Amino acid sequence: MMPDKPTTIKEIAKILKISVSTVSRALHDHSSIGLTTKMRVKKLAAELNYEPNQRAIQFLHGKSFVIGVILPELSESFFSTAISGIEDIAYKRNYTVLLAQSHDDAEREKLLVAKMKSQGVDGLLVSVAKTTSTYEHFEVFKKLNIPIVFFDRIPPIKNIHYVSSNLETGTFEAVNFLLKKGHRTIGMINGPGTLVATHERKEGYIRAMTANRLKFDPSLIVSCDLSEDGTIKAMDTLLNHKRKPTAVVTFNDYVALFAMRYAKSIALTNLDFVSYANLPIINYMDHTPIASVEQFPYKQGKKAADILIDLINKPKNESGSEQAYFNIVVESELVLSNRK
């Protein structure tokens, strides 16, 4: 007969007439326990369907072995790929992932941070929402000495751990590529000013123009909220510019898709697009960007999760000692389209 209640270590110890501590050590393969005893304990534990008491383990170690992840949109291939990297590391290091989406809403993000705290996560991975402009909601984690690692979308604040892609270099390569193709008037549909990535793209654009001894025209860079309507408005601004662009660099592949669909709807076919993210979706488009900046989301996710779990398991700093911050930048890569 199977027991009605979950089997405990005490019951195994009583049946085998050994101490509770011996059973515990045997189940954890402690070197002080002989092979025969380990085999007896594990055999009986399996017969009785013994399951470790996770609450007791968590109490013993002072950890939940759960990491929280807050990202803008799981439906975006970039973030689903990043999650794959995060989960692969979490699985390898015996952690569970608690996932939440802000849907690019700052207020929702704040609420999710509070919920992650109440759930008792050991640490937090965050890619900030595009509407987030204040960052006090992350301070409670810092005060509780619970580590946070930001990835991809990094807040413009000091003393944080983060993993990001080198978007300034990627943009420099993208604009330089277009200049070599003969384009001289290049527009850019950039993102919201709240994102560090928006400023990095702009800096890369300026650096490429100056490196080629061309005058930088700030009016050729138009910000948008990354929505389809926002992209169309940005396109209208560029197409009505006195120096009409012959090529456009877009914030990401989704913005490129919106922009190219709009261009097609007004029968504009002689416009080249370069994008970011190099998502699989672009391989199924009739008209793709001629190049896309690869940001390696899987690598970013893996590295961010590894750093977070290292921080969780790191001995706490003594009062007054300086905190070392991990700032990891993954090099981007311009990938050319294979379209004919």
Side-chain angles (χ1 to χ4, degrees), residues 72-73 75-79 104 130-131 152-153 165 167 170-179 181-195 197-206 208-209 216-295 297 332 334-340:
E73 289 289 348
S75 61
E76 289 190 17
S77 296
F78 180 94
F79 292 113
D104 265 328
K130 66 185 180 184
T131 56
D152 184 54
R153 293 192 188 174
S165 178
L167 295 176
T171 307
F172 176 87
E173 291 180 359
V175 175
N176 204 43
F177 166 70
L178 289 171
L179 291 170
K181 283 184 65 68
H183 295 286
R184 287 297 175 269
T185 308
I186 301 170
M188 172 179 273
I189 300 179
N190 213 350
T194 52
L195 299 179
T198 297
H199 302 284
E200 291 177 343
R201 284 166 168 81
K202 181 179 178 180
E203 289 304 311
Y205 179 105
I206 295 171
M209 297 301 284
F216 166 60
D217 183 349
S219 63
L220 284 170
I221 298 181
V222 183
S223 292
C224 81
D225 62 2
L226 308 182
S227 68
E228 184 165 8
D229 286 343
T231 300
I232 290 171
K233 288 176 184 176
M235 278 290 288
D236 279 334
T237 300
L238 290 174
L239 295 176
N240 289 313
H241 196 282
K242 59 182 179 181
R243 297 174 60 211
K244 189 174 178 179
T246 58
V248 178
V249 179
T250 63
F251 188 88
N252 60 31
D253 287 328
Y254 293 99
V255 173
L257 175 61
F258 299 147
M260 289 189 291
R261 186 160 60 190
Y262 178 65
K264 185 178 179 181
S265 74
I266 59 174
L268 183 62
T269 57
N270 60 344
L271 200 56
D272 280 339
F273 288 89
V274 172
S275 185
Y276 297 79
N278 191 38
L279 302 178
I281 187 176
I282 66 176
N283 296 317
Y284 299 94
M285 294 163 56
D286 292 333
H287 185 66
T288 66
I290 60 173
S292 187
V293 177
E294 172 63 70
Q295 296 171 246
S332 57
L334 186 68
V335 180
L336 305 186
S337 169
N338 58 6
R339 78 182 193 193
K340 303 298 181 182

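Given the structure is predicted, the values throughout are model-derived calculations rather than measurements.
Classified by interplanar angle (parallel below 30°, tilted 30° to 60°, perpendicular above 60°), the ring pair Tyr276/Phe251 is tilted.
Rounded to the nearest 0.5 Å, atoms CD (Glu228) and CE (Met235) are 12.0 Å apart. Here the straight-line distance linking atom CG of Leu239 with atom CD1 of Ile232 works out to 11.5 Å at 0.5 Å rounding. Note that CD1 of Ile221 is 10.5 Å distant from CD1 of Ile186, once rounded to the nearest 0.5 Å. To the nearest 0.5 Å, atom CZ of residue Arg153 and atom CZ of residue Phe79 are 4.5 Å apart. With rounding to the nearest 0.5 angstrom, the NE2 atom of His183 is 5.5 Å from the CG atom of Leu178. The OG atom of Ser275 lies 11.5 Å from the CD1 atom of Ile290; values are rounded to the nearest 0.5 Å.
Nearest approach of Val255 to Asn252, heavy atoms of both residues: N-OD1, 2.8 Å. The two residues Ala259 and Thr250 have their closest heavy-atom pair at CB-CG2, 4.5 Å. Of all heavy-atom pairs spanning Ala174 and Val274, the tightest one is CB-CG1, 3.6 Å. The heavy-atom pair separating Cys224 from Gly230 by the smallest distance is CB-O, 3.6 Å. Here the shortest heavy-atom pairing between Gly193 and His199 reads O-NE2, 2.9 Å. Phe177 and Ala291 get closest at one heavy-atom pair: CE2-CB, 3.9 Å.
Each of Thr185, Val249, Thr237 was evaluated against Leu220; a single residue qualifies, Thr185, per the side chain to side chain contact (heavy atoms under 4.5 Å, CB included) test. When each of Lys202, Met209, Glu203, Arg201 is paired with Tyr205, the side chain to side chain contact (heavy atoms under 4.5 Å, CB included) condition holds for Met209 and for no other.
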Please step through side chain to side chain contact (heavy atoms under 4.5 Å, CB included) for the pair Lys264 and Thr269, ending with a clear verdict. CA-CA 6 Å; Lys264 185 178 179 181; Thr269 57; 6.0 Å; no
Kindly indicate, with the supporting measurements, whether the criterion side chain to side chain contact (heavy atoms under 4.5 Å, CB included) is fulfilled by Phe172 and Ser332. CA-CA 11 Å; Phe172 176 87; Ser332 57; over 6 Å; no
Passes side chain to side chain contact (heavy atoms under 4.5 Å, CB included), Met188 versus Thr171? Steps please. CA-CA 10 Å; Met188 172 179 273; Thr171 307; 3.6 Å; yes
Applying salt bridge (charged side-chain N to carboxylate O under 4.0 Å, His left out), run through Lys233 and Asp225 and close with a yes or a no. CA-CA 10 Å; Lys233 288 176 184 176; Asp225 62 2; over 6 Å; no
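Side-chain contact between Phe258 and Ile189: absent, with no pair of heavy atoms (C-beta onward) separated by less than 4.5 Å. Side-chain atoms of Tyr262 and Asp236, non-hydrogen and from C-beta on, do get closer than 4.5 Å to each other. Two residues are said to be in side-chain contact when any heavy atoms from C-beta on lie closer than 4.5 Å; His241 and Val222 fail this criterion. Residues Leu257 and Thr231 have side chains not in contact (no heavy-atom distance under 4.5 Å, counting atoms from C-beta outward). Residues Gln295 and Asp152 meet the side-chain proximity criterion, which asks for heavy atoms closer than 4.5 Å.
More than 12 heavy atoms of other residues, nucleotides or ligands shown are found within 6.0 angstrom of NZ on Lys130.
Put simply, the side chain of Asp104 never gets that close to the backbone of Pro72: no donor and acceptor are under 3.5 Å apart. Judged by distance alone, with hydrogens and angles left aside, the side-chain atoms of Ser223 form no donor-acceptor pair with the main-chain N or O of Pro192 at under 3.5 Å.
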